[in-house]
J.: 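This structure is in structure tokens; I'll ask about it shortly.
Counting starts at 1 for both ligands and their atoms, in listed order. This structure is a prediction, so every number in the text was calculated from the model and none was measured. Computation of the quantities below employed the complete heavy-atom set of this structure, encompassing side-chain atoms and omitting hydrogens, waters and symmetry-equivalent molecules.
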Amino acid sequence: MLDFSFTSPTKYIFGQDAEHSAGSMAADSGMTSVLVVYGGGSAIRSGLLDIVLKSLQNSGIAYIQLGGVQPNPVDTLVRKGIELCRQNSVNGIVAVGGGSVIDTAKAIAAGVPYNGDFWDFWAGKAQIKQALPVGVVLTIPAAGSEGSGNSVITLTPEMRKISLRTDFALRPKWALMNPKYTFTLPPYQTACGIVDMMAHIYERYFSTTPGVEVTDRVAEGVLQTIIEQGAKVMTTPDNYDVRANIMWSGTLAHNGICGTGRKEDWTSHAMEHEISALHPNVAHGAGLAVIMPAWMTFMAQHAPQKGAQMARRVFGVTNTDDTEAALEGIELLRKFYQSIGMPLTLSELGVNESEIPAMVQRLHENKGAIIGGYYQLTAKETTEIYHLAL
Ligand code: NZQ
Ligand code: ZN
């Protein structure tokens, strides 16, 4: 096990009526005037936005609003949000939505106190020294941004999608999570979230670090829960407890607990980000349903140990040969993805073979000539993995 320092400072208020704590939580974290960020309208339709605004009002918190965040969020709305905050002396951001809304809120929070263009941080030209506090009212369990120090933004018009992790500044101060508000998720978005949270665990699980049994077992337990509850949520979308288990799994998958004491990988995420950068209509989770099994298939041929362990412990595979066991596990994983309505190939996502060279080039420009923590890959191998996903 590697030495580690772990802090998950976000205060989670989980369950019935959690959203009513927005005002008191904002006040507790020193906010007096906030920007409320939300997406394309689901939070308005469910009535959640109204409840949050009333709660802020009741606690004497002034607010302005910025709606219209689109999935796979872009820099332009971040810039607009930064301007709004500066004009209105805002000292906190409240995100009402999912990963795209929360990531936009985090980027605005980092940009407001910075004397330059916020993209400098995502481009690696500057490091975040301070950010406004961010609070979250979560509506979709998926990206895990409510507990992560990451923000993923796409620069236009280049369509360069970059994930930045700055734990101390970008982890939300609080997150309000009422599973009831996830009942309205369309089945496809629910499934995308399931794939994404599983991927957040796999990116940490596939590790060469030995002696991390406790972290492996935590990861396997959460994976098994997601598979079991994920199957149930597709047939009983209004079951509170099922939604609650999925929602909390999404946070546990990405708040760092499944990565303690080990080297992580993150290649599949980087490879997926190149897909949703060029095809903003592709949901991150759908892209991962295609890429992650392709990456695992390559690993089954080159470094099968962890895939074999996952196949045996999570999917009950009994094959004693590591490569064969890993491949059987991938097949079962694909079957699960298919059963919840996820695509399995790049062509189902509308991605053409002719786009692979551009994706590979952009991937290595963004991430370096050699990528991967579990197994190191050059452009030759990442090209091979994209082809496995066709
Ligand atoms: O915009 P609205 O109308 O709210 O609709 C959204 C959106 O269309 C809808 N939705 C959300 N909650 C709903 C709902 N519809 C009905 N009922 C509800 N309760 O769902 C759609 C997708 O929302 P989005 O926020 O894009 O989903 P997600 O949470 O999957 O976020 C995806 C983004 O997060 C990034 C991804 O790359 C992508 O850009 N990620 C962020 C991470 C992080 N910050 O730690 C890590 C992840 O690996 C990921 O890369
Ligand atoms: Zn993800």
J.: Examine the proximity of ligand 1 to Q70 and report which part, side chain or backbone, both or neither, has a heavy atom under 4.0 Å away.
T.: neither
J.: Restricting to under 2.8 Å, identify the protein N, O or S atoms around the Zn ion (ligand 2) as residue plus atom.
T.: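 Result, waters dropped: D196 OD1, H200 NE2, H269 NE2, H284 NE2.
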J.: I'd like the name of whichever of I140, N255, L49, L185 reaches closest to atom 13 (C) of ligand 1 through any heavy atom.
T.: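 Of the listed residues, L185 has the closest heavy atom.
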J.: Which atoms of ligand 1 are found less than 4.0 Å from any heavy atom of T184?
T.: 16 (C), 17 (N), 18 (C), 19 (N)
J.: At what distance is the nearest protein heavy atom to atom 4 (O) of ligand 1, and which residue and atom is it?
T.: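 Of every protein heavy atom, S42 OG, 2.7 Å lies nearest to atom 4 (O) of ligand 1.
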J.: Among protein heavy atoms, which lies nearest atom 29 (O) of ligand 1, and at what distance?
T.: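 Answer, as residue, atom name and distance: G99 N, 2.7 Å.
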J.: Is Y181 touching ligand 1 with its side chain, its backbone, both, or neither, if touching means heavy atoms under 4.0 Å apart?
T.: backbone
J.: For atom 40 (N) of ligand 1, which of A143, A270, S163 has the closest heavy atom?
T.: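 Residue with the shortest heavy-atom distance to the ligand atom: A143.
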J.: Looking only at heavy atoms, is any part of D103 under 4.0 Å from ligand 1, and if so is it the side chain, the backbone, or both, or is it neither?
T.: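 Side chain only; the backbone of D103 stays clear of ligand 1.
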J.: How far is atom 50 (O) of ligand 1 from the closest protein heavy atom, and which atom is that?
T.: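 For atom 50 (O) of ligand 1, the nearest protein heavy atom comes out as H273 NE2, 2.9 Å.
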J.: Decide whether an N or O pair under 3.5 Å exists between T182 and ligand 1.
T.: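 N/O-N/O distance under 3.5 Å: no.
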J.: Check whether any N or O atom of G144, backbone or side chain, sits under 3.5 Å from an N or O atom of ligand 1, and answer yes or no.
T.: no
J.: What protein heavy atom sits nearest atom 26 (O) of ligand 1, and how far away is it?
T.: S100 OG, 2.6 Å
J.: Show the atoms of ligand 1 that are less than 4.0 angstrom away from any heavy atom in Q189.
T.: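 That gives atoms 20 (O), 21 (C), 22 (C) of ligand 1.
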J.: If you measure every N/O of H200 against every N/O of ligand 1, is any gap under 3.5 Å?
T.: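 Yes: some nitrogen or oxygen of H200 is under 3.5 Å from one in ligand 1.
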J.: Between M247 and F14, is there a side-chain heavy-atom distance shorter than 4.5 Å?
T.: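 Contact flag for F14/M247 side chains = yes.
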J.: Which residue holds the protein heavy atom closest to atom 12 (N) of ligand 1, what is that atom called, and what is the gap in Å?
T.: T139 OG1, 2.8 Å
J.: Report the relative orientation of the aromatic rings in F121 and Y114; use parallel for angles under 30°, tilted for 30 to 60°, perpendicular for over 60°.
T.: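 Tilted.
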J.: Test of understanding: given a 4.0 Å heavy-atom threshold, classify the contact between A142 and ligand 1 as side chain, backbone, both, or neither.
T.: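 It is the side chain that gets close, since no backbone atom is under 4.0 Å.
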J.: Can you sort out which atoms of ligand 1 are near N72, meaning under 4.0 Å from one of its heavy atoms?
T.: 38 (C), 39 (O)
J.: Under 3.5 Å, N or O to N or O, is H254 touching ligand 1 that way?
T.: yes
J.: Parallel under 30°, tilted from 30 to 60°, perpendicular over 60°: which one fits the rings of W295 and F206?
T.: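 Perpendicular: the ring planes of W295 and F206 meet at over 60°.
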J.: When you measure from atom 8 (O) of ligand 1 to every protein heavy atom, which one gives the shortest distance, and what is it?
T.: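 For atom 8 (O) of ligand 1, the nearest protein heavy atom comes out as P71 CG, 3.7 Å.
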J.: Regarding K306 and the six-membered ring of Y205, is the cationic atom NZ or CZ under 6.0 Å from the ring centre and inside 45° of its axis?
T.: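 Yes - K306 lies over the ring of Y205, closer than 6.0 Å to its centre and within 45° of its axis.
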J.: Checking the N or O distance criterion of under 3.5 Å, is ligand 1 in contact with G41?
T.: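 Indeed, backbone or side chain, G41 has an N or O that close.
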J.: Do ligand 1 and G40 have nitrogen or oxygen atoms that lie under 3.5 Å from each other?
T.: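 Checking ligand 1 against G40, an N or O pair does fall under 3.5 Å apart.
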